Amino acid sequence: NYLVNHPSVRPFIGGDPETELDLSSAVADAQNIFLDGEHGGFACCWSAPNTYEIHTFILPEGRGAWAMEFAAWGKAYLFENGAKHIWTRVHPDARNVKAFTLRMGLVPAGHHTIDLGVGPVKYELFERRA
């Protein structure tokens, strides 16, 4: 909860940035995987068998090289532990997040969805290739 409510992270998650988020129930759900590191982490939320939606929470001091290394490790960890498909949502105005997502090997899925009150966002998708 510290990461998602950090002032440099919370405004970019969606919904009312003044509302504190509580991920306790998501953490308690054994189907979800939370990867936590020195400067942030990822919530890997089960959305279908072998499929996880990725939520990124990186503090400013971890953005850049550290985030790339941690994400590469996290992606490998998920696939080594049964994931076949990972996906995330990126707000169209978040160019830095889109660049990070593309550098990690996810590709546009061509779909739009509704986020927590900020309107359409672009799906990004990665499928493990055999």
Side-chain angles (χ1 to χ4, degrees):
N1 287 333
Y2 163 75
L3 281 173
V4 298
N5 290 300
H6 191 278
S8 66
V9 173
R10 178 62 188 99
F12 305 103
I13 293 176
D16 179 2
E18 300 299 317
T19 302
E20 188 169 301
L21 298 176
D22 182 2
L23 299 183
S24 299
S25 62
V27 171
D29 185 336
Q31 293 185 100
N32 297 329
I33 299 171
F34 284 80
L35 304 174
D36 188 24
E38 182 180 1
H39 302 296
F42 300 101
C44 310
C45 298
W46 185 94
S47 57
N50 305 315
T51 303
Y52 293 89
E53 179 183 6
I54 309 303
H55 301 276
T56 305
F57 314 114
I58 306 294
L59 299 173
E61 55 270 25
R63 295 173 188 166
W66 182 88
M68 295 297 295
E69 268 185 55
F70 191 67
W73 172 84
K75 187 169 68 169
Y77 177 87
L78 287 170
F79 287 124
E80 289 166 8
N81 287 280
K84 303 281 185 221
H85 177 215
I86 60 174
W87 65 283
T88 192
R89 294 182 261 188
V90 178
H91 192 282
D93 296 337
R95 292 177 198 246
N96 59 329
V97 178
K98 180 179 178 182
F100 173 73
T101 302
L102 292 170
R103 286 189 68 194
M104 292 316 307
L106 285 85
V107 296
H111 298 281
H112 289 261
T113 185
I114 296 176
D115 195 18
L116 299 172
V118 295
V121 295
K122 192 175 197 175
Y123 269 60
E124 304 290 332
L125 169 72
F126 178 86
E127 292 183 17
R128 186 171 184 190
R129 309 235 191 293

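This is a predicted model, so every value here is computed, not measured.
In plain terms, the two heavy atoms of H6 and P11 that are nearest each other are O-CD, 4.3 Å. When all heavy atoms are compared, the tightest approach of I58 to A67 is CG2-CB, 4.2 Å. Counting all heavy atoms, side chain and backbone alike, S8 lies closest to P60 at OG-CD, 3.0 Å. Scanning both residues, S24 and D22, for their nearest heavy atoms gives OG-OD1, 2.6 Å. Nearest approach of P108 to L102, heavy atoms of both residues: CD-CD2, 4.0 Å.
Within the 4.5 Å cutoff, the side chain of L78 has heavy atoms near those of the I54 side chain. Under the 4.5 Å side-chain criterion, counting only non-hydrogen atoms from C-beta, T19 is in contact with R10. No side-chain heavy atom of C44 sits under 4.5 Å from any side-chain heavy atom of Y77. Residues I33 and Y52 meet the side-chain proximity criterion, which asks for heavy atoms closer than 4.5 Å. Taking 4.5 Å as the limit, some side-chain heavy atom of V9 sits within range of a side-chain heavy atom of L59. Counting heavy atoms from C-beta outward, V97 and F12 have side chains that stay 4.5 Å or more apart. The side-chain heavy atoms of W73 and E69, taken from C-beta on, include no pair separated by under 4.5 Å.
Counting only distance, with no hydrogens or angles, the side chain of N32 and the backbone of V27 share no donor-acceptor pair below 3.5 Å. Judged by distance alone, with hydrogens and angles left aside, the side-chain atoms of N50 form no donor-acceptor pair with the main-chain N or O of H85 at under 3.5 Å.
Partner F42 forms a ring pair (Phe, Tyr, Trp, His ring centres under 6.0 Å) with one of F57, F34, F70 and no other, that one being F70.
Here CD1 of I13 is found 9.5 Å from NE2 of H55. Values are rounded to the nearest 0.5 Å. Put simply, CZ on R103 and OG1 on T101 are 11.5 Å apart, with the number rounded to the nearest 0.5 Å. For the atom pair D29 CG and L23 CG, the distance stands at 12.0 Å (nearest 0.5 Å). Distance check, rounded to the nearest 0.5 Å: CG of L106 to CZ of F100 gives 9.5 Å. Within the model, atoms CG of L3 and CG of L21 stand 12.0 Å from one another, a figure rounded to the nearest 0.5 Å.
Ring-plane geometry between W66 and H39 is classed as perpendicular, the angle between the planes exceeding 60 degrees on a 0 to 90 degree scale with a lower cut at 30.
Residue pairs meeting the salt bridge (Lys or Arg N to Asp or Glu O under 4.0 Å) criterion with at least one partner in residues 47-67, sequence neighbours excluded, are E53-R89.
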